[in-house]
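Remarks on the structure that follows.
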Amino acid sequence: MTELLPNHLAGRWQTGGDPGTPLFDPVLGTELVRVSSTGLDLEAAYAYARDEGGPALRAMTYAQRATLLSSIVEALKANRDRYFDIAQANSGTTRPDSAVDIDGAIFTLGQYARWGASLGDRHWLADGETVPMAKDGSFLSRHVRVPTRGLALFINAFNFPAWGLWEKAAPALLSGVPVVAKPATATAWLTQAMVADVIAAGILPAGALSVVCGGARGLLSPLQPFDVVSFTGSADTAALIRSHDAIVRRSVRVNIEADSLNSALLLPDAQPGSDSFDLLVREVVREMTVKAGQKCTAIRRVFVPASCYAAAGKAIAAKLARITVGNPRNEAVRMGSLASRQQWENVRAGTAALRRHAEVLHDGAAVPLLDADPAVAACIGPTLLGASRREAAGVVHDIEVFGPVATLLPYEGLPDALEQIRLGQGSLVASIYTADAALAGQAALALADSHGRLHVVTPEAAAVHTGHGNVMPMSLHGGPGRAGGGEELGGLRALGFYHRRAAIQGAGAVTDLLDGAAPTWSAPGH
Ligand code: NAP
């Protein structure tokens, strides 16, 4: 039997009480390790995090905690090669795709370490200016933000076992809040390995970082009023979490990042042959194929002027035809595997549902695999669909296929494009391709109420833009409506989730003490 990975809870390594759930290599089908959360005392573990980890972290200043993040960066860098091996084995990703997860995690931690240092030797943050309330100005109000006294529970999706942990843990630890991480079972190994390395390096105080791998049963019941939960995953699981008794009755703050039908929009000025047209084609192909389309931010719907529909379909399909798919150990492979055979089944079922309402412009199921057995491997080629008939396209705005699948949609005039994009009911990101900066600004503002991020690609940004689906710590990650309604990252704004805000009202003698004692919330990076 393969190794049963231990969980780190209550300051010690503990194994679950049964043989555990196996984790597989999604390309070879071989068993790698096992995980189990059966029989663990989560109530005691959470109490330990709150009572030991919390006070130890809060005793430090923001600048001191920022140095912890820098030390975590060093510990992860020292073990980086092993993470790539684990990702290749357990997630089936090529080296560049593993880097999106692993190096993305390290970069995000480093960025929060730099921002955190700028907050200095403080224990709390000011929020806005002192405001007089008495007519003569002698009684005032001052808002402050202080770290919450609970723990931060992170329940993550399978697609980013590294970045998914650290993009949440960086602002939480910087805020002084202990972390309990629960990775998705299918790819939990990388998260567990990273936590193990950070624990072994002795960087964090006891109770500051815990990990529990395996089933989610019993995860939410021990939560207390000052705890927070940050969830990334499907809308169905999100609904279960939101309505859980402990969350509802104890007013536990919850952040949800759920599924999303992100869009790419070619504005009417961009015709075939233009730079903007080519930039859209390149970005759509990149988004469909990076991590085999298993990115919450990946482009799922591509909107082009009706006059460009045929040319765009041809251009994207031609590039997709050159994508090699299969075993990521083969250096000729551009696109690796889905994370599991279960996901492979989900992608096939979702694609079949879309195909009933769309034409196939490039068929991924027909792509031969390199070095991979189609009966075993969770590999599948990229599929481009086209829905030129409006009445049939409804399902395209509703079904998220979490894999290398996108649908091309024609529009008649910009208002029609905006209206169709909004049928997605709220998304994480839309990208806009045009040479007309003023029009791009208008389109971005028009879509800002239904998206967390608008990524504008004009020709002058061609070489420098960070990518439609790349989540950078400087910008907000999250989206309204269907996307879950959550907000992560966006500089030091992310610390808000891990702080409580209070107004302190008093005479000048009290509020003067607070003046100048902390950087304000609107300092650089906020
Ligand atoms: P999922 O099935 O919802 O699982 C997400 C996490 O929730 C896993 O850790 C899972 O644990 C856990 N979980 C399952 N049931 C639970 C329960 N009753 N209570 C508490 N936790 C529970 O989602 P997934 O299949 O891993 O991820 C795919 C989805 O995530 C896609 O729809 C994608 O759009 C979305 N996603 C969104 C973002 C974003 O940032 N917006 C990023 C990535 C993915 P187990 O694995 O042990 O079941």
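- A donor atom on one side chain and an acceptor atom on the other are found under 3.5 Å apart for T232 and K168.
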Checking side chain to side chain donor-acceptor pair (under 3.5 Å) for the pair S98/T93: CA distance, chi angles, key distance, verdict?
-> CA-CA 6 Å; S98 301; T93 37; 2.9 Å; yes
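- A donor-acceptor contact shorter than 3.5 Å links the side chain of E287 to the backbone of G469.
- To the nearest 0.5 Å, atoms CD1 (I155) and CG (L153) are separated by 4.5 Å.
- Contact record, A172 with F154: CB-CZ, 3.8 Å, taken as the closest heavy-atom pair.
- For the side-chain contact (heavy atoms from CB on, under 4.5 Å) criterion with L173, the lone passing option out of L68, I203, I72 is I72.
- Residues L76 and V198 are in side-chain contact: their nearest non-hydrogen atoms beyond the backbone lie under 4.5 Å apart.
- You'll find the side chain of S276 reaches within 4.5 Å of the side chain of P459, heavy atoms only.
- Contact record, A494 with Y112: CB-OH, 3.5 Å, taken as the closest heavy-atom pair.
- Nearest heavy atoms, G20 versus S36: CA-CB, 3.7 Å.
- Contact record, T324 with A332: OG1-O, 2.6 Å, taken as the closest heavy-atom pair.
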Could you check V401 against R300 for side-chain contact (heavy atoms from CB on, under 4.5 Å), going step by step and ending with a plain yes or no?
-> CA-CA 8 Å; V401 180; R300 309 288 179 205; 5.9 Å; no
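- Without hydrogens or angle criteria, N255 side chain to E487 main chain gives a donor-acceptor distance under 3.5 Å.
- Using a 4.5 Å cut-off on side-chain heavy atoms (C-beta onward), V347 and L338 make contact.
- Of the possible donor and acceptor atoms, none in the side chain of S91 sits under 3.5 Å from a partner among the backbone N and O of Q88.
- In terms of modelled atom types and a separation under 3.5 Å, the side chain of W344 and the main chain of C379 share a donor-acceptor contact.
- The CG atom of N159 sits 8.5 Å away from the CH2 atom of W163 when rounded to the nearest 0.5 Å.
- Heavy atoms only, all atoms of each residue included: L23 and A188 are closest at CD2-N, 3.8 Å.
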Show your working on side-chain contact (heavy atoms from CB on, under 4.5 Å) between S307 and Q271 and close with a plain yes or no.
-> CA-CA 8 Å; S307 60; Q271 291 300 310; 3.7 Å; yes
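- A distance of 9.5 Å separates OG in S475 from NE2 in H455, rounded to the nearest 0.5 Å.
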Report the C-alpha separation of R482 and D398 in whole Å, then their side-chain angles, then the decisive distance to 0.1 Å, and conclude whether the salt bridge (Lys or Arg N to Asp or Glu O under 4.0 Å) test is met.
-> CA-CA 10 Å; R482 176 180 181 142; D398 195 35; 3.5 Å; yes
Stepwise, does the salt bridge (Lys or Arg N to Asp or Glu O under 4.0 Å) test hold for R422 with E419?
-> CA-CA 5 Å; R422 290 197 189 99; E419 197 179 310; over 6 Å; no
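- Between D371 and N327, the side chains place no donor N or O within less than 3.5 Å of an acceptor N or O (distance only, hydrogens not considered).
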What do the steps show when you test D363 against T383 for side-chain contact (heavy atoms from CB on, under 4.5 Å), and what is the final call?
-> CA-CA 5 Å; D363 187 1; T383 291; 4.2 Å; yes
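- Taking the six-membered ring for Trp, F303 and Y309 have ring centres at least 6.0 Å apart.
- Residues V212 and V180 form a side-chain contact, since some pair of their non-hydrogen atoms from C-beta on lies under 4.5 Å apart.
- Looking only at atom types and distance, the side chain of S234 has no donor-acceptor partner in the side chain of D236 under 3.5 Å away.
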Run the side-chain contact (heavy atoms from CB on, under 4.5 Å) check on R242 and F231 step by step: do they pass?
-> CA-CA 10 Å; R242 274 190 219 281; F231 169 79; over 6 Å; no
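- Within the 3.5 Å criterion, the main-chain N or O of A417 finds no donor-acceptor partner in the side chain of Q420.
- Put simply, OG on S340 and CG on N346 are 7.5 Å apart, with the number rounded to the nearest 0.5 Å.
- Side-chain contact annotation: H477 with R453, donor-acceptor N/O pair under 3.5 Å absent.
- By the 4.5 Å heavy-atom criterion applied to side chains, K295 and V290 are counted as neighbours.
- Side-chain atoms of F24 and Q342, non-hydrogen and from C-beta on, never get closer than 4.5 Å to each other.
- Heavy-atom contacts from other residues, nucleotides or ligands closer than 6.0 Å to CD of E359 number more than 12.
- Using modelled atom types, one side-chain atom of S260 and one backbone atom of L428 make a donor-acceptor pair closer than 3.5 Å.
- Under the 3.5 Å distance criterion, the side-chain polar atoms of H451 are matched with a main-chain donor or acceptor of L447.
- Of the residues listed (T458, L414, V456), the one engaging L267 in a side-chain contact (heavy atoms from CB on, under 4.5 Å) is L414, and it is the only one.
- Checked by atom type, the side-chain pair T2/E31 shows a donor-acceptor distance below 3.5 Å.
- For the pair M335 and M288, the tightest heavy-atom approach, listed with the atom from each and the gap, is SD-O, 4.4 Å.
- Rounded to the nearest 0.5 angstrom, L418 CG and L423 CG are separated by 11.0 Å.
- Atom CZ of R329 is surrounded by more than 12 heavy atoms from other residues, nucleotides or ligands within 6.0 Å.
- Using modelled atom types, one finds no donor on one side chain facing an acceptor on the other under 3.5 Å when comparing T297 with N262.
- Side-chain contact annotation: S431 with H468, donor-acceptor N/O pair under 3.5 Å present.
- Between I316 and L361 the shortest side-chain heavy-atom distance does not fall below 4.5 Å.
- Residues E345 and R348 are not paired through a salt bridge, judged by the lack of any N-O separation under 4.0 Å between the basic side chain and the carboxylate.
- Separation of atoms CD1 (I102) and CZ (R95) is listed at 8.0 Å; rounding is to 0.5 Å.
- Contact check on D197 versus K77 returns no salt bridge, with no Lys/Arg side-chain nitrogen under 4.0 Å from an Asp/Glu carboxylate oxygen.
- For the residue pair Y83 and D101, no side-chain donor N or O sits within less than 3.5 Å of a side-chain acceptor on the partner.
- Inter-residue side-chain proximity for L174 and L69 is flagged as met; some heavy-atom pair is nearer than 4.5 Å.
- For the pair D259 (side chain) and A483 (backbone), a donor-acceptor distance under 3.5 Å is absent.
- Under the 3.5 Å distance criterion, the side-chain polar atoms of S274 are matched with a main-chain donor or acceptor of F277.
- Between the side chain of R341 and the main chain of A377, a donor-acceptor pair closer than 3.5 Å is present.
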